[in-house]
Amino acid sequence: MKQDFILEFKNITKNYGKINIIKNLNLNISHNEVIGLLGVNGAGKTTTIKMMLGQEIPTTGKIKLFGKNPTNPESRIHIGSTPQNIEFPEGLKTLEIIQFVQAHYPNPLPIQEMVEKFGLTNFLELKASKLSGGQKRRLALALAFIGNPKIVFLDEPTTGLDVEARKILWEVIKDYKNKGKTIFLTTHYLEEIEQIATRILFLQKGEIIADESVEGLQKLANSTQSKVSFDCGTECSFEGFQTIDSVINKNRNYTLITKNSDALIYELVKHNIPFSNLQIKKENLESAFLNLSKGE
Ligand SMILES: Nc1ncnc2c1ncn2[C@@H]1O[C@H](COP(=O)(O)OP(=O)(O)OP(=O)(O)O)[C@@H](O)[C@H]1O
């Protein structure tokens, strides 16, 4: 049976002038996913989201949002979003902006629910342009969810949020996922979304270099490398070792890169290699991804 995808990217590229920003991106997004798009500054995260939202047109390839072009109002009725940079119209009060956005959706959430959730109750009569930076971000988040859309896009949603607001946002995302909805968000920090994401995409120079489920991520975490460092009294040879990926030798201080530090220590002992000042450092998932992004 053909799967019913919310969003499909087929062979998408995006150039700005002569510069190629996104390279042949293929991606399918389903209902009931929390997807984190990670990547360093300039990797192409915002460009990708903008194409999903129909705000940027791909140079080549085809995007389908609910089976239609993302610029089609019939598909846009199912989406909510916050931009990375938020500016609200000068004259409108917070409540007026919420009412305005809410009115665009056929089956929105109650205003009071979102207002209370994001701590905006006391600011409804204030001009939105006068809100503090963090309050503006809270308002933008409330607006992304107020329409009760099928998918919410959040571009770096935690930027400028205090600890409490971050906690609220994660709760809102969890509740939303439990309703069968999809959230697509960008971030620089894996640790931030490890707990809530069901899928992680890692974008490097416009290419998806990892597309992993949580289980896949865990496997990746288990296969990440460790650095085993020690001093060796003499020049050491590691010929015949099964467990070493690479060796760094700095004046007889050796760093061995391995996926299995226990087995490596066993091999050191078995081969009578003298070692002192032993240090073992396991690479965490975040640095594994960062190494990927550096092409290491
Ligand atoms: N309108 C534009 N014209 C020309 N170049 C652009 C335009 N928009 C983005 N770029 C370039 O495309 C590249 C990707 O930008 P993008 O904003 O998608 O990255 P990002 O991964 O979201 O980065 P960040 O983490 O810094 O927000 C950058 O090199 C940027 O300078």
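Heavy atoms only: backbone and side chains are in, while hydrogens, waters and symmetry mates are out. For ligands, and for the atoms within them, numbers begin at 1 and follow the listed sequence.
- Heavy-atom contacts of His188 reach the following atoms of ligand 1: 25 (O) (cutoff under 4.0 Å).
- Residue Glu156 has at least one heavy-atom neighbour below 4.0 Å for each of these atoms of ligand 1: 24 (P), 25 (O), 27 (O).
- Taking every heavy atom of Ile21 and a limit of under 4.0 angstrom, the matching atoms of ligand 1 come to 11 (C), 12 (O), 13 (C), 14 (C).
- Contact atoms of ligand 1 toward Lys45: 18 (O), 19 (O), 20 (P), 21 (O), 22 (O), 23 (O), 24 (P), 25 (O) (distance under 4.0 Å to a heavy atom of the residue).
- The closest donor-acceptor contact from the side chain of Ser226 to the backbone of Ser261 lies at 3.5 Å or more, if one exists at all.
- The N/O atoms of Thr48, backbone and side chain alike, include none that comes under 3.5 Å of an N/O atom in ligand 1.
- For ligand 1, the polar-atom distance check against Gly39 finds no nitrogen or oxygen pair separated by under 3.5 Å.
- When the shell of 6.0 Å around NZ of Lys179 is examined, it contains more than 12 heavy atoms from other residues, nucleotides or ligands.
- By heavy-atom distance, the residue among Thr46, Asn20, Val40 lying nearest atom 17 (O) of ligand 1 is Thr46.
- Relative ring orientation between His78 and Phe66 is described as tilted, the plane-to-plane angle lying within the 30° to 60° band.
- Between Phe153 and Phe184, the ring planes are tilted. Angles from 30° to 60° get that label.
- By the 4.0 Å heavy-atom criterion, Leu203 is excluded from the residues contacting ligand 1.
- Taking the ring centroids of Tyr254 and Phe238, they lie under the 6.0 Å cut-off.
- Around atom NZ of Lys177, more than 12 heavy atoms belonging to other residues, nucleotides or ligands sit under 6.0 Å away.
- Close approach to Thr47 involves these atoms of ligand 1, each under 4.0 Å from a residue heavy atom: 14 (C), 15 (O), 16 (P), 18 (O).
- Under the rule for a side chain to side chain donor-acceptor pair (under 3.5 Å), Asp175 has no partner lying at least two apart in sequence or in another chain.
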